[in-house]
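Working notes for the structure below.
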There are 2 protein chains.
Amino acid sequence: MNGLSARQKRILSLIVHEYIFSAEAVASKHLVEKYRLGMSSATVRNEMSALTDQGYLKQPHTSAGRVPTEEGYRYFVGQLMQDTSLPETMRATINHQFSQMHSDIKQWLQLAATVLANETHAASLITAPQPVEARIKHIQLIATHGRQALAVLVMEGGQIHQHILTLEEPTSQEQLSILSNKFSQLFAGKNLHNLSQYQETFTSLESTILAWLEDELVRSDRLPTGEIYMDGITNVLAEPEFADSEEARRALRLLEERSMLQDLLAQTVLPETIGGVQVLIGGEGNWNDLSQCSIILSRYGSPGIATGTLGVLGPMRMSYGRSISMVRFLSGILSDFVAEQW
Amino acid sequence: MNGLSARQKRILSLIVHEYIFSAEAVASKHLVEKYRLGMSSATVRNEMSALTDQGYLKQPHTSAGRVPTEEGYRYFVGQLMQDTSLPETMRATINHQFSQMHSDIKQWLQLAATVLANETHAASLITAPQPVEARIKHIQLIATHGRQALAVLVMEGGQIHQHILTLEEPTSQEQLSILSNKFSQLFAGKNLHNLSQYQETFTSLESTILAWLEDELVRSDRLPTGEIYMDGITNVLAEPEFADSEEARRALRLLEERSMLQDLLAQTVLPETIGGVQVLIGGEGNWNDLSQCSIILSRYGSPGIATGTLGVLGPMRMSYGRSISMVRFLSGILSDFVAEQW
DNA sequence: TTTAGCACTCTAAGCATGAGAGTGCTAAAT
DNA sequence: ATTTAGCACTCTCATGCTTAGAGTGCTAAA
């Protein structure tokens with residue numbers, strides 16, 4: 001039952017804001033006074049109670065104020081937050097900084113990392129743009145059992161990707177072989193990023209395969225193998241939720257363990273649109289170490305040519321509006337750079 | 001009065017070891033039992049008392065064991081520590097890791113950072129080798145007042161270095177001008193690292209200038225402008241002295257603030273010998289943020305061609321023997337790489 | 001010179017206490 | 001049917017007290 005009343009939305013939003021601001025559980029009375037809500041604290045308390053029942057708020061202990069849950073943050077980010085764009089003066093300042101730079105990708109990435117970290121008060125992370133070089137050499141489909149088929153994708157570089165597909169209906173090996181040939185001829189040597197442009201002319205069986213193909217290609221060029229630029233690690237340490245350095249350690253491990261980072265970037269289905277920003281709140285159940293953190297990610301670059309990822313890592317109690325616009329803005333700047341210089 | 005008796009040295013050494021191992025103040029009784037010293041705890045207490053008077057030990061509070069002071073660590077590193085070399089198997093393992101690598105400097109540096117961090121359980125830091133390109137364009141000496149003269153060094157790139165020299169005797173501007181010309185002609189276009197090879201033929205006045213020149217040149221190519229490779233930041237967070245993340249933050253700031261790092265590398269007079277290892281204990285009075293840390297540094301590369309710096313940052317309670325040999329060993333590996341590949 | 005023995009000091013942990021913060025609930029007010 | 005005032009209830013946090021234990025420093029004997 002997701003029907004939050006307008007007032008509940010307002011209160012949830014204020015609580016998120018206030019908690020992000022103060023890092024302390026927010027009390028009904030405090031809210032009424034600070035924001036001059038035209039109602040009594042008891043009313044607010046009732047609403048808070050409802051929001052707690054719905055899983056958007058929680059209490060650290062019985063006699064404390066409320067704190068947003070992960071769900072609360074998600075609702076806030078997804079439904080309540082208005083898309084704050086950066087003030088023009090800030091855009092100008094940042095653009096100016098980049099314009100005063102040599103056209104050296106390393107320097108741009110470093111500057112971007114620094115700006116991102118400073119403006120979001122979080123840790124920033126940028127992977128250098130990776131040229132997309134994966135070209136398809138051959139595609140082979142093998143019937144295995146019932147509606148299952150093994151799809152093998154051989155790349156020109158020799159890498160192999162394979163995947164079990166579940167087809168809509170049982171299909172014979174002959175049919176699959178024909179399909180294999182068709183796909184191989186169609187895509188051999190291609191380095192495709194928007195395979196879906198062919199979509200319409202395909203049967204649904206073909207589309208299934210196509211979807212997988214696309215997935216693999218996107219995935220393969222998402223793994224960062226090159227340099228990673230970071231800044232603002234100490235920003236994270238300054239946050240009260242990381243006063244215990246053990247907690248901080250868990251969060252920062254992401255930035256040091258490449259395998260973990262690869263995992264994250266690989267499993268995170270980033271929207272293909274360059275510039276699309278993705279928000280991961282509280283590890284999303286998959287990453288225990290990140291249970292206190294949020295991550296905001298975006299790809300940048302030119303699709304099919306070279307792309308990289310940039311993002312920030314901060315406490316869950318992070319200023320989402322600002323961080324998201326910042327990530328989006330810098331993603332744009334770096335994309336422009338790649339488009340021009342590549 | 002630095003005359004420590006052999007027994008005092010032994011005890012100091014054991015205390016340092018034990019404290020590094022346990023991170024807890026070490027008690028006289030504990031020492032006697034664990035190391036089967038053939039004496040009573042009272043005797044050890046007396047010696048400890050003496051060592052405390054001399055400034056090598058301190059007590060966190062009246063009824064606690066002893067902990068080494070910064071002086072204590074220095075004495076240990078300088079006088080007591082035997083130069084532990086790495087076990088042959090470890091050298092082999094590490095060499096093997098590098099040998100399996102492409103001859104790509106970036107990958108080597110990254111690997112070196114990782115190995116260094118893992119083996120020392122501290123944060124590692126490596127600056128990419130910087131080609132030494134500073135060439136002298138012009139040298140000008142200007143008499144100012146009494147025995148003072150202002151020396152200005154103009155580099156081909158346009159950078160200017162200046163310094164007030166104190167000469168052994170008052171010298172007229174004419175003489176200085178003559179000298180200026182001589183030096184300018186002698187060194188113009190040169191990119192000198194071992195100016196002292198000319199030493200013998202010079203007067204002492206000239207030598208003074210020469211010494212400064214050398215200093216500037218060495219200093220100028222010590223500033224890291226290129227990439228910096230790090231690893232093991234979370235190792236530092238695992239140490240109990242950094243359980244309070246504020247303390248950790250102070251330490252790690254060094255790794256993020258380039259200006260601070262430049263400061264450190266510039267002010268630290270590194271021995272010219274490549275491979276020489278320098279140990280900074282507790283910030284040495286100059287860096288407050290590092291008051292809980294120690295740093296072990298070494299330059300690597302080919303003098304006059306390209307050099308970089310590598311080091312580890314850890315708690316003062318760090319395993320010096322191991323860290324120093326590790327730094328020295330990796331310094332050697334990277335130096336060999338630079339010598340071969342440059 | 002070393003050591004046994006003991007008094008002394010300081011920390012860390014446990015426990016009780018009280019103030020304060022904030023809620024939940026009930027009954028009255030709108 | 002909401003909203004609100006009022007109050008009881010709960011939980012935390014800070015404070016102070018007490019005790020056990022660790023480790024030293026000192027003294028006097030070996």
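We name chains A, B, ... by the order of the sequence lines, and we start the count at 1 in each one.
Around atom CZ of A/Phe21, no more than 12 heavy atoms belonging to other residues, nucleotides or ligands sit under 6.0 Å away. The environment of NE2 in B/His17 is sparse: at most 12 heavy-atom neighbours from other residues, nucleotides or ligands sit within 6.0 Å.
Under the side-chain contact (heavy atoms from CB on, under 4.5 Å) test applied with A/Arg317, the options A/Ser22, A/Pro240, A/Ser294, A/Pro68 reduce to a single match, A/Pro240.
Side-chain contact annotation: A/Glu18 with A/Tyr35, donor-acceptor N/O pair under 3.5 Å present. With hydrogens and angles left out, the side-chain atoms of B/Ser40 and B/Thr43 include a donor and acceptor closer than 3.5 Å.
Atom pair A/Lys34:NZ and C/dG22:P shows a separation of 14 Å (rounding to whole Å applied). Nucleotide D/dT3 holds its C1' atom 14 Å from the CG atom of A/Leu37, rounded to whole Å. As a whole-Å value, the separation of A/Gln59 CD from C/dG22 P is 12 Å. Rounded to whole Å, atom P of D/dG25 lies 9 Å from atom CG of B/Asp53. Residue A/Leu57 contributes atom CG, which lies 14 Å from atom C1' of C/dG22 at whole-angstrom precision. A straight line from NE2 of B/His61 to P of D/dG23 spans 9 Å, rounded to a whole angstrom. Taking atom CZ of A/Arg66 as the reference point, atom P of C/dT23 lies 6 Å away to the nearest angstrom. Taking atom CG of residue B/Asn46 and atom P of nucleotide C/dT1, one finds them 11 Å apart after rounding to whole Å.
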**OP:** Both distances under 3.5 Å, Watson-Crick or G-U wobble: on that basis, could you give the dot-bracket string for DNA chain D, with [ ] for crossing pairs and | for other-strand partners?
**Re:** ||||||||||||||||||||||||||||||
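The phosphate of D/dG6 (OP1 or OP2) has no side-chain N or O of A/Arg45 nearer than 4.0 angstrom. OP1 or OP2 of D/dT2 has not a single side-chain nitrogen or oxygen of A/Arg7 nearer than 4.0 Å. Close to D/dT10, at under 4.0 Å from its OP1 or OP2, lies no side-chain N or O of A/Thr62. The phosphate of D/dT10 has neither OP1 nor OP2 within less than 4.0 Å of any side-chain N or O from A/Ser63.
Side-chain proximity of B/Met48 to C/dC10, D/dT24, C/dT3: nearest is D/dT24. When distances run from any side-chain atom of B/Ser40 to the nucleotides C/dT3, C/dG24, C/dT9, the shortest one goes to C/dT3.
Between B/Thr43 and A/Gly65, the residue anchored nearer the 5' end of DNA chain C, judged by the nucleotide with its closest heavy atom, is B/Thr43.
By the 4.0 Å N-to-carboxylate-O rule, B/Arg74 lies close enough to B/Glu70 to be salt-bridged with it.
B/Thr69 places a side-chain N or O within donor-acceptor distance of the main-chain N or O of B/Gly55, the cut-off being under 3.5 Å.
Contact annotation for B/Ser28: backbone-only contact, meaning every heavy-atom pair under 4.0 Å involves sugar-phosphate atoms and none involves a base.
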